[in-house]
Amino acid sequence: MSPQRKNIFVIGLDEANLPTLNAVPDADACHFHPLLSIEELQGGEVSVDDLMDRARAILDAHEGSIDAIVGYWDFPVSTLVPMLGREYGTRTTSLESVVKCEHKYWSRLEQRKAVDALPAFGRVDLDSDDPQPPEGVSFPMWVKPALAYSSELAYGVGDMEEFRTAVETIRKGIGRVGEPFDAVLELLDLPPEMEGVGGQVCLAEEAMTGIQVAVEGYANNGEVTVYGVLDSINYPDSPCFLRHQYPSTLPPAVVHRLHDVSERTIRQIGMDAATFSIEYFYDPKTGEVSLLEINPRHSQSHAELFQYVDGVPNHHRMIRLALDEDPVVPGGDGPYRMAAKWYYRWFGEGTVREVPTPEEISAIEREIPGVRIDMVPSEGQKLSTVPGQDSYSYEIAHIFTGADDEEGLRRKFDQCVAALGLSFDDTAPGGRDVKAS
């Protein structure tokens, strides 16, 4: 008799990630169940209590075992995983460790206890009639809420006029995610330095410069393991990602430093039985690394990259950890030496026209080996209505490419953009593409 399949509930399971989930080793021994939709989780006003009730109704109606509850998205998914895990007896990290990562101010306080690889930072008083940058934080700086989706409401500012404009915009929008985050904070015994801070707090920190890089790893039974370092390349003169590229091209000594800082920080945060993804800047002029932010989950954006190069998507570690199984996999067994996730963006408002059908996209993928395309907006959709966008651009498509060198990665991206043949109706001045470089 064959062993019973494991029932794994995926909060926010989406069509884009289903193929990579089904590509993990022993996927045929797993049954992936969707638990709440992306629209429920990120659309409109968020209520953690309501989401918990909806999730409980699905889980309680399930006939069979509940072997794991997992997720690869930020708040509220990241917090629902340990909250539901505690109720249903599945293996997760603690809610406190997740919130220590998600709350950007609390996270900085914890990072400072373990490492010195972080910028000057402080809180901004949103209730003040004349808000000021925190003492010791100089321009240029970034101003952002303690919690937001993607880079929503995060602004780079170079002077007081830009600072005040950013603060006013954040003040108007911070409650959408900040209010439900307050409800989660009430479930924790907060340390003295977090008393009265809450979830609707604004953070300012000095801008970091250099090469952006991401570190992926996991914590398991008290041990912290880093399994991948990726380069994050922006569009020219823009804070917006052009591509993530794996493996990193940084010198081995820098990669070793990133491993060390990541391991010490995650131990301080207290994560266990969980994956993580940490973003950094590396300054080639000084040789220093600076920690940007900690994500208490692996990056689903990188799943295909690890599959192309290592032969196994990074979803594998999430699933194995949740099932209390060994997450180690052999590396370098994929069909390509390098891989990238490209962000095809439109800089300015617009309405997308002539979006290819799924059949047309499948045809492009067959014609160009080693690519996968996920469209973001739908036919005729106004770009500003697409949820989860950053403050400076709109994502049109995610294009994954595998090749043996950077030239091959770029060539396949250019071929895909040309094959998509997208057009836009401008509804505001300045709508444009920006040539990748």
Side-chain angles (χ1 to χ4, degrees), residues 74-75 96 98-182 184-186 188 190-210 212 239 261 264-265 268-269 278-283 285-286 288-296 390-392:
D74 293 325
F75 182 86
E96 179 177 314
V98 169
V99 177
K100 282 181 179 180
C101 296
E102 291 276 28
H103 195 293
K104 290 181 173 61
Y105 180 68
W106 193 2
S107 187
R108 286 299 192 201
L109 296 179
E110 290 297 312
Q111 294 164 30
R112 193 166 60 185
K113 296 174 184 178
V115 298
D116 58 4
L118 63 157
F121 69 95
R123 292 161 54 191
V124 177
D125 185 1
L126 292 180
D127 296 325
S128 171
D129 294 332
D130 183 25
Q132 297 291 320
E135 185 177 350
V137 180
S138 303
F139 292 110
M141 67 180 68
W142 279 85
V143 186
K144 62 187 78 172
L147 182 70
Y149 296 133
S150 300
S151 296
E152 186 179 291
L153 296 181
Y155 297 96
V157 300
D159 54 36
M160 279 303 299
E161 181 178 356
E162 293 180 349
F163 175 84
R164 292 192 178 99
T165 300
V167 169
E168 184 59 29
T169 304
I170 292 169
R171 182 184 281 148
K172 293 176 181 177
I174 197 170
R176 185 173 83 87
V177 180
E179 288 182 9
F181 200 27
D182 276 329
V184 174
L185 289 170
E186 291 176 1
L188 301 175
L190 299 174
E193 62 263 35
M194 282 295 294
E195 289 293 337
V197 174
Q200 300 184 63
V201 63
C202 181
L203 178 73
E205 54 190 36
E206 287 186 5
M208 292 168 275
T209 59
Q212 201 161 346
V261 173
R264 285 192 285 148
T265 303
Q268 174 62 39
I269 294 289
I278 308 180
E279 298 174 41
Y280 291 90
F281 278 91
Y282 163 64
D283 189 338
K285 295 179 180 178
T286 64
E288 294 298 316
V289 299
S290 297
L291 198 158
L292 176 59
E293 65 180 20
I294 306 171
N295 301 299
D390 65 34
S391 303
Y392 296 95

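Note that the structure is a prediction, hence the values are computed from the model and not measured.
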Non-hydrogen side-chain atoms of [X] and [Y] separated by less than 4.5 Å:
X: W106; Y: L188; answer: yes
X: R164; Y: E168; answer: no
X: Y155; Y: F163; answer: no

So how far is it from [X] [atom1] to [Y] [atom2], rounded to the nearest 0.5 Å?
X: R123; Y: Y105; atom1: CZ; atom2: OH; result: 5.5 Å
X: E179; Y: L147; atom1: CD; atom2: CG; result: 12.5 Å
X: S290; Y: Q111; atom1: OG; atom2: CD; result: 10.5 Å

Sequence neighbours excluded, the answer for ring pair (Phe, Tyr, Trp, His ring centres under 6.0 Å) partners of Y282 is none
Contacts of F281 meeting side-chain contact (heavy atoms from CB on, under 4.5 Å) (sequence neighbours excluded), chain-then-number -> M208, Q212, L292
Sorted by chain and residue number, the side-chain contact (heavy atoms from CB on, under 4.5 Å) partners of A114 (sequence neighbours excluded) come out as Q268
Which donor-acceptor pairs under 3.5 Å do side chains of residues 131-144 form with protein atoms, sequence neighbours excluded?
{"from": "Q132", "atom 1": "NE2", "to": "D130", "atom 2": "OD1", "distance (Å)": "3.1"}
{"from": "Q132", "atom 1": "NE2", "to": "D130", "atom 2": "OD2", "distance (Å)": "3.0"}
{"from": "K144", "atom 1": "NZ", "to": "E205", "atom 2": "OE2", "distance (Å)": "3.2"}

**Message:** Quick one: does any side-chain atom of S107 pair with a main-chain N or O of H103 as donor and acceptor, under 3.5 Å?
**Reply:** no
Heavy-atom closest pair (L118 atom, R108 atom, distance to 0.1 Å) is CB-NH1, 3.7 Å
Looking only at heavy atoms, the pair that brings G198 and L185 closest together is C-CD1, 3.4 Å
Applying salt bridge (Lys or Arg N to Asp or Glu O under 4.0 Å), name anything that partners [X], two or more places apart in sequence or on another chain.
X: K100; value: E96, E110
X: D127; value: none
X: E288; value: none
X: E162; value: none

Please assess C101 against N295 for the test side chain to side chain contact (heavy atoms under 4.5 Å, CB included), listing each intermediate value before the final yes or no.
-> CA-CA 6 Å; C101 296; N295 301 299; over 6 Å; no
Would I174 and L126 satisfy side chain to side chain contact (heavy atoms under 4.5 Å, CB included), going step by step from the backbone distance to the final call?
CA-CA 10 Å; I174 197 170; L126 292 180; 3.8 Å; yes
**Prompt:** Hey, mind stepping through V99 and F75 against side chain to side chain contact (heavy atoms under 4.5 Å, CB included) and telling me if it holds?
**Reply:** CA-CA 9 Å; V99 177; F75 182 86; over 6 Å; no
Using the test side-chain hydrogen bond (donor to acceptor under 3.5 Å, both in side chains), find all partners of [X] that sit at least two apart in sequence or belong to another chain.
X: T265; result: none
X: E193; result: K113
X: E102; result: S78
X: D182; result: Q200

Test K285 against T209 for side chain to side chain contact (heavy atoms under 4.5 Å, CB included), laying out the working first. CA-CA 10 Å; K285 295 179 180 178; T209 59; over 6 Å; no
